[in-house]
Amino acid sequence: MESESEPYVRLSTLRQLHEVMADMNTARSLADTLQTVADGVVNGLGYELACVNLVRPDGDLVVAAFAGNPAAEALITGRVGSRDSWERRLSMGETWGDLVFIPHTEGWILDDDDVPQWYTDGPAPRFEDEWHPSDRLFAPMFTPGVGGGSCGELIGVLSVDRPRNGRRPGAWGREALQMYAFQAAIAISNARLRANMQRALVRLEREQQALRASEESFRQAFEYAPSGMAIAEMGGDQHGRILRTNDALCRLLGRPASAMRRYSFSDLVHPEDIGTLLRTSAEGGRAELRLGRRDGTYVWVSLRNSVVADAADGPRFLLTHVEDIEDRKRRELQLAHRASHDSLTGLPNSAELRARLSARLCQRPSHAALESIDAAYGHPAYDVNGHGFDFRPGSDAFDVAYDHHVHTVAPEGEQDDGTKGLAVLFCDLDGFKSINDRFGHNAGDAVLIEVARRLSRQVRDGDTVARLGGDEFVILADGLGRADAADLALRLRNEIIQPIRAEGRAVRVGASFGIGWAHCGMTADEVLKSADERMYVEKRSRPKQHRRAG
């Protein structure tokens, strides 16, 4: 540093200081900037030692750079001083603008604190402004404030020692050190920003690489999944429209990917399963339904939905996993069919017959239902004899007890009064036992199979032909009057009595029919018993020789 007695500073000194500041602001990293700051104090400001103490995130200060003495640098670089100790140092001594000078006469009390320091003995000053080895000079560095002032946050402290001219700095030297600390604070702040930006860029690049890797993993998992996958729009006018499908789904449905993008799942689902699809939750929903193939057939699939987002706040899409369950569903349907159908004839069995019949009938109300009828009318609804409720179809009691139920009615009397009801035709084969006895059970089975085929051929779609057991069959035919039911029984009997080929020979069986009528208030067993009784009445009413033709 130039002598304070000189009236001016040589231009070479200012140029040297300018070069130091330029180097400080062009350092490539934060570590380089800190070391350049320390070196600049020694090279540009004329001090033999300089130390940069940097504020850490926890508030304490670490020795981040040292210049002027390799031995001292090795000893104290990286060591930490507590914030409390530094606050005490910066609050004592003399203030020279933003600088803090602690003379050796006061600094002795700091010898035992935890701030890292390099100390050398020396003689007492010979004149007033001579530098003592125990003198301390600190230049706090603050983040630049509004208008360029140094009123920001403390980011570090420059410690300088042993001016080369051996004197305490004068007014110009103090101003130069204070300006240098201000520029150093700017350089360190900028270096921190660059370091943070570089770390952020590195982190962003890693995240982007991870995202690209994740997207590639998802793409491969999506494209090469062994089961079907689809991505569809979620929300808006195009909700459910398919955006992307994998090869497995295209193969399953026999449709190219370009064609799949014209559909939504609601366009492909079987009409009977549309309700199941609509009830399926978008988030974590599952459903089993049928999807249409290109050839017009349907395949059973299991759908599993999940929601994925394109970005943190971006649009959401529906990811649907489509698994082919055709084989499992076929086995389930086969098991269900076996449980509900006769293994010999393939007709609905006794349990299925009762289930279908019961589904059409409503039973007598419970005690609670009877009370609700009383409450509705304010008094009991009696039958014509005054002995209880009138539960005939169409009565007030029925309408209250069975709200929204379509009651099954039956013709009254023995004449056809025009009423259409659910006719129950109980069929018992005549002469079947003799065929079993004479020709064996194989012949008997062949007769039962053929009778089942003939009965099924003569009824309408929607009617039920069931095998009750043995040689007994039941037909449920809805919407018939008495005359219609009688005509149907006659047609069925005439069909049955035709010769049947069994075990290489022609045999004949007859048939007796009893016609019962189902109506609400009856149980399935009561309906079948009524038809069975009428069948036996009809069987006994005909001469034995007429019960079987041929």
Side-chain angles (χ1 to χ4, degrees), residues 337-338 340-354 356-357 414 422-460 463-478 480 482-518 524-550:
H337 187 273
R338 291 173 185 173
S340 61
H341 287 71
D342 176 49
S343 59
L344 177 64
T345 63
L347 297 178
N349 60 18
S350 175
E352 178 67 12
L353 171 67
R354 285 174 166 81
R356 295 187 185 185
L357 185 53
E414 295 300 323
L422 176 58
V424 181
L425 283 67
F426 198 107
C427 173
D428 182 77
L429 299 183
D430 299 326
F432 176 75
K433 184 176 182 302
S434 63
I435 293 176
N436 262 342
D437 294 341
R438 291 175 59 190
F439 307 119
H441 288 287
N442 287 340
D445 289 346
V447 169
L448 293 174
I449 293 171
E450 179 60 19
V451 168
R453 188 186 68 80
R454 294 181 182 184
L455 291 174
S456 300
R457 189 174 57 191
Q458 290 297 316
V459 300
R460 303 163 302 176
D463 291 345
T464 295
V465 178
R467 183 186 177 197
L468 194 60
D471 60 349
E472 295 177 333
F473 297 85
V474 174
I475 298 92
L476 303 182
D478 203 0
L480 300 185
R482 287 193 176 276
D484 298 328
D487 290 342
L488 175 61
L490 180 60
R491 291 199 312 272
L492 295 176
R493 180 184 294 113
N494 289 337
E495 185 71 15
I496 290 173
I497 64 176
Q498 301 301 317
I500 298 173
R501 297 294 298 181
E503 294 294 303
R505 57 177 59 84
V507 297
R508 289 175 179 268
V509 291
S512 297
F513 283 86
I515 303 174
W517 297 93
D525 287 336
E526 289 173 344
V527 175
L528 294 175
K529 181 180 179 182
S530 172
D532 185 26
E533 290 173 348
R534 292 177 179 271
M535 182 274 298
Y536 276 106
V537 170
E538 195 269 347
K539 184 186 291 283
R540 288 192 296 267
S541 68
R542 290 187 296 120
K544 185 174 182 180
Q545 64 270 23
H546 293 158
R547 296 176 191 167
R548 175 169 59 87

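One is the number of the first residue; the rest follow in order along the sequence. Side-chain atoms are counted along with the backbone in the values below, which use heavy atoms only and exclude waters and symmetry mates.
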side-chain contact (heavy atoms from CB on, under 4.5 Å) between F513 and L490, intermediate numbers included:
CA-CA 9 Å; F513 283 86; L490 180 60; over 6 Å; no
Closest contact, heavy atoms only, A477 versus L488:
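Looks like CB-CD2, 4.0 Å.
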Over all heavy atoms of both residues, which pair between A423 and W517 is shortest? Give the atoms and the distance, please.
CB-CZ3, 3.6 Å
Check the side chains of T464 and R356 for a donor-acceptor pair under 3.5 angstrom, ignoring hydrogens and angles.
yes
Under a 3.5 Å cutoff, is there a donor and acceptor pairing between the side chains of D430 and S512?
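Result is yes, a qualifying pair exists.
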With distance as the sole test, does R467 use its side chain to make a donor-acceptor pair with the main-chain N or O of G470 at under 3.5 Å?
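Pair found, side chain donor or acceptor close to backbone of G470.
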Is it the case that the side chain of S456 and the backbone of A452 share a donor-acceptor pair, with hydrogens and angles ignored and the cut-off at 3.5 Å?
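Here the side-chain-to-backbone pair exists.
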Sequence neighbours excluded, which residues qualify as side-chain contact (heavy atoms from CB on, under 4.5 Å) partners of D487?
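D487 satisfies side-chain contact (heavy atoms from CB on, under 4.5 Å) with R491 only.
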Tell me which one of L425, V451, L353 satisfies side chain to side chain contact (heavy atoms under 4.5 Å, CB included) with F473.
V451
Show the atom names and distances, to 0.1 Å, of all donor-acceptor pairs under 3.5 Å that link a side chain in residues 495-503 to residues at least two apart or in another chain.
from : atom 1 : to   : atom 2 : distance (Å)
E495 : OE2    : R457 : NH2    : 2.0
Q498 : NE2    : N494 : O      : 3.1
R501 : NH2    : G504 : O      : 2.9

Salt bridge between K433 and D437, side-chain N to carboxylate O under 4.0 Å?
yes
Sidechain N-carboxylate O distance under 4.0 Å for R453, E450:
yes
Worked check of side-chain contact (heavy atoms from CB on, under 4.5 Å) between L429 and L448
CA-CA 9 Å; L429 299 183; L448 293 174; 3.9 Å; yes
Kindly indicate, with the supporting measurements, whether the criterion side-chain contact (heavy atoms from CB on, under 4.5 Å) is fulfilled by L480 and R460.
CA-CA 12 Å; L480 300 185; R460 303 163 302 176; 3.9 Å; yes
Nearest-0.5 Å distance that lies between atom [atom1] in [X] and atom [atom2] in [Y]:
X	Y	atom1	atom2	result
I449	L344	CD1	CG	4.5 Å
E538	R493	CD	CZ	4.5 Å
L347	I475	CG	CD1	9.5 Å
N349	D342	CG	CG	7.0 Å

The test is side-chain contact (heavy atoms from CB on, under 4.5 Å); show your working for L528 and L357 and say whether it passes.
CA-CA 9 Å; L528 294 175; L357 185 53; 4.2 Å; yes
Do L468 and R354 have side chains that approach each other closer than 4.5 Å (heavy atoms only, starting at C-beta)?
yes
